[in-house]
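First the structure, in the form of C-alpha cells, and then the observations on it.
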There are 2 protein chains.
Amino acid sequence: MSTDSRRPAADSELQRALDAVGDPVRRSILRQLAAADPWTIACGQFDLPVGKSTLTHHFRSLVEAGLLEQRDEGNRRMNRLMRDEFDRRFPGLLDLVLDQ
Amino acid sequence: MSTDSRRPAADSELQRALDAVGDPVRRSILRQLAAADPWTIACGQFDLPVGKSTLTHHFRSLVEAGLLEQRDEGNRRMNRLMRDEFDRRFPGLLDLVLDQ
DNA sequence: GACTATGTTCGACAGTGATCGAACATCCCA
DNA sequence: TGGGATGTTCGATCACTGTCGAACATAGTC
C-alpha cells in the first residue's frame with residue numbers, strides 16, 4: 001500500500017472526502033446506504049430527485065473518495081458503504097453525515 | 001437559543017460547516033489560527049496566497065459557519081477559533097482539518 | 001431475435017463560488 | 001490634518017460542478 005491509514009491523511013485526500021460528503025444528493029445516498037444491508041441496493045433503487053446520468057456522476061465521486069464500493073450483478077450495479085475503512089481514514093466524518 | 005447543540009445539527013447547518021471546511025484557503029486559516037493564542041492574530045496577518053477582498057470573503061464564510069469569532073481592536077480585526085463550540089456541534093470535524 | 005431494464009458516456013448548459021482590482025471607510029500616528 | 005495601515009464593498013471574471021437529455025452498451029426476458 002502506498003498510503004498508511006494510521007498516518008494523518010494528506011490534504012488532497014481530505015479534500016476529496018470533504019467534496020464527496022459536501023453534496024446533499026451524495027449525503028442522501030450515504031444515508032440510504034447506511035440504512036440497508038451491504039450489497040442489497042443497486043444504483044437505480046435510490047430515492048433521489050436527479051436523473052440517471054447525474055446519479056452515475058455522484059457514484060463516481062463517492063467511489064473515488066473511498067466511501068463506497070461497487071460490484072456488478074448481472075444487469076445491476078450493487079453498492080456497499082465502506083464504513084469501517086472510511087472511519088479509519090477520517091474518524092467521525094461519516095458519523096456526522098449519518099446522524100442527520 | 002433557537003438551536004439545541006445536543007440535538008443532531010440540521011442538515012443545512014452541516015452543509016454550511018462542510019462548505020466552510022471544504023476550501024483549502026479556509027483550512028489554512030483554521031490551522032494558523034489553531035497554532036496561535038486566541039485573539040492574537042488579525043485578518044491581514046495570515047500567510048495566504050490571496051488578495052484582501054478574497055480574505056474578507058473567506059472570513060465571512062468561517063464566521064457564518066460558527067468556526068471563528070471576530071473582535072475589532074482599533075485598526076485591526078482580531079480572530080478567535082471557536083474550537084469548543086464547533087466541536088460540540090460537529091464532533092471530530094475540526095480535528096480532521098487540524099490534523100493535516 | 002426483439003424488447004425492456006439498468007447504467008455509462010458525452011456534450012451542453014446554468015448556477016455557484018473563488019478570485020481580483022478599484023474605490024471606499026476607519027483608525028492610528030506623526 | 002495628512003498619510004499610512006487595515007478591512008470592506010462592489011462589480012466583473014473565470015473555473016468548476018451539478019444537472020439534463022440523447023445515444024450507446026449490456027444483460028435479462030418473452
Side-chain angles (χ1 to χ4, degrees), chain A residues 11-33 36-81 97, chain B residues 11-33 36-81 97:
Chain A
D11 202 54
S12 69
E13 294 180 56
L14 178 61
Q15 182 72 64
R16 232 179 312 155
L18 291 173
D19 285 345
V21 147
D23 182 273
V25 172
R26 289 195 283 265
R27 283 199 298 278
S28 180
I29 292 177
L30 294 173
R31 287 171 187 142
Q32 293 180 47
L33 217 41
D37 289 330
W39 303 122
T40 58
I41 312 190
C43 291
Q45 294 180 312
F46 288 82
D47 180 27
L48 292 167
V50 294
K52 288 192 303 174
S53 50
T54 304
L55 242 284
T56 299
H57 167 68
H58 286 306
F59 276 107
R60 176 168 41 236
S61 169
L62 290 170
V63 167
E64 283 171 357
L67 269 159
L68 62 84
E69 192 180 9
Q70 300 189 309
R71 172 211 287 175
D72 283 353
E73 276 184 20
N75 213 4
R76 312 189 303 166
R77 181 155 291 188
M78 311 304 288
N79 300 277
R80 180 184 79 88
L81 185 61
V97 172
Chain B
D11 201 54
S12 69
E13 293 181 57
L14 179 60
Q15 183 71 63
R16 233 179 311 154
L18 291 174
D19 284 344
V21 146
D23 182 272
V25 172
R26 290 194 282 266
R27 283 199 299 277
S28 181
I29 293 177
L30 294 173
R31 288 170 187 143
Q32 294 180 46
L33 218 42
D37 289 331
W39 303 122
T40 59
I41 311 189
C43 290
Q45 293 179 315
F46 288 84
D47 179 29
L48 292 168
V50 294
K52 289 193 301 175
S53 49
T54 304
L55 242 283
T56 299
H57 167 67
H58 286 305
F59 276 107
R60 176 168 41 234
S61 170
L62 290 169
V63 167
E64 284 171 356
L67 270 159
L68 63 84
E69 192 181 8
Q70 301 189 308
R71 171 211 288 175
D72 283 353
E73 276 184 19
N75 212 6
R76 312 188 304 164
R77 180 155 292 189
M78 312 303 289
N79 299 278
R80 181 183 79 89
L81 185 61
V97 172

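Quick note: numbers below take in every heavy atom, side chains included, and nothing from hydrogens, waters or symmetry partners. In what follows, chains are A, B, ... by sequence order, proteins preceding strands, each numbered from 1.
Rounding to whole angstrom units, CD of residue B:Q45 and P of D:dG7 are separated by 7 Å. In this structure, A:Q70 atom CD and C:dT6 atom P are separated by 16 Å, rounded to whole Å. Here the C1' atom of nucleotide D:dT17 and the CD atom of B:Q15 are 14 Å apart, to the nearest Å. Taking atom CG on A:L55 and atom P on C:dA5, their separation rounds to 17 Å, with Å as the unit. One atom, CG of A:D72, and another, P of C:dG7, lie 9 Å apart when rounded to the nearest Å. If you take CZ of A:R16 and P of D:dC16, they are 17 Å apart, rounded to a whole angstrom. The CD1 atom of B:I41 sits 17 Å away from the C1' atom of D:dG7 (whole-angstrom rounding). For the pair B:M78 CE and C:dC28 P, the computed distance is 13 Å after rounding to whole Å.
Across all strands shown, A:D23 has heavy atoms under 4.0 Å from sugar-phosphate atoms exclusively, and none from any base.
Between atom CG of residue A:D23 and atom CD of residue B:Q15 there is a gap of 7.5 Å, rounded to the nearest 0.5 Å. Within the model, atoms CD of B:Q70 and CZ of B:F59 stand 6.5 Å from one another, a figure rounded to the nearest 0.5 Å.
Side-chain proximity of B:N75 to the nucleotides D:dG7, C:dT26, C:dG17 is greatest for C:dT26. Comparing atom distances between the B:T54 side chain and each of C:dT19, D:dT8, D:dC20 picks out C:dT19 as nearest. Out of C:dT9, C:dC27, C:dG7, the shortest distance to the side chain of A:R77 is found at C:dG7. In the set C:dA18, C:dA22, C:dT9, C:dA18 carries the atom at the smallest distance from any side-chain atom of B:R26. When the nucleotides D:dT8, C:dG7, D:dT17 are ranked by their closest atom to the side chain of A:H57, D:dT17 comes out on top.
Applying the 4.0 Å criterion to OP1 and OP2 of D:dT9, one finds that B:R60 has a side-chain N or O inside that range. For the pair A:H58 and D:dT19, the criterion of a side-chain N or O lying under 4.0 Å from OP1 or OP2 is met.
Using a distance-only test at 3.5 Å, with no hydrogens or angles considered, a donor-acceptor pair links the side chain of B:R26 to the main chain of B:A20. Between the side chain of B:N79 and the backbone N or O of B:I41, at least one donor-acceptor pair lies under 3.5 Å.
Taking the nucleotide of DNA chain D with the nearest heavy atom to each of A:K52 and A:D19, the more 5' of the two is matched to A:D19. The nearest heavy atom of DNA chain D to B:F59 and to A:S53 marks one nucleotide each, and the one closer to the 5' end goes with B:F59.
Here the options are B:I29, B:V63, B:L48, the test is side-chain contact (heavy atoms from CB on, under 4.5 Å), and the partner is B:H58; only B:I29 passes.
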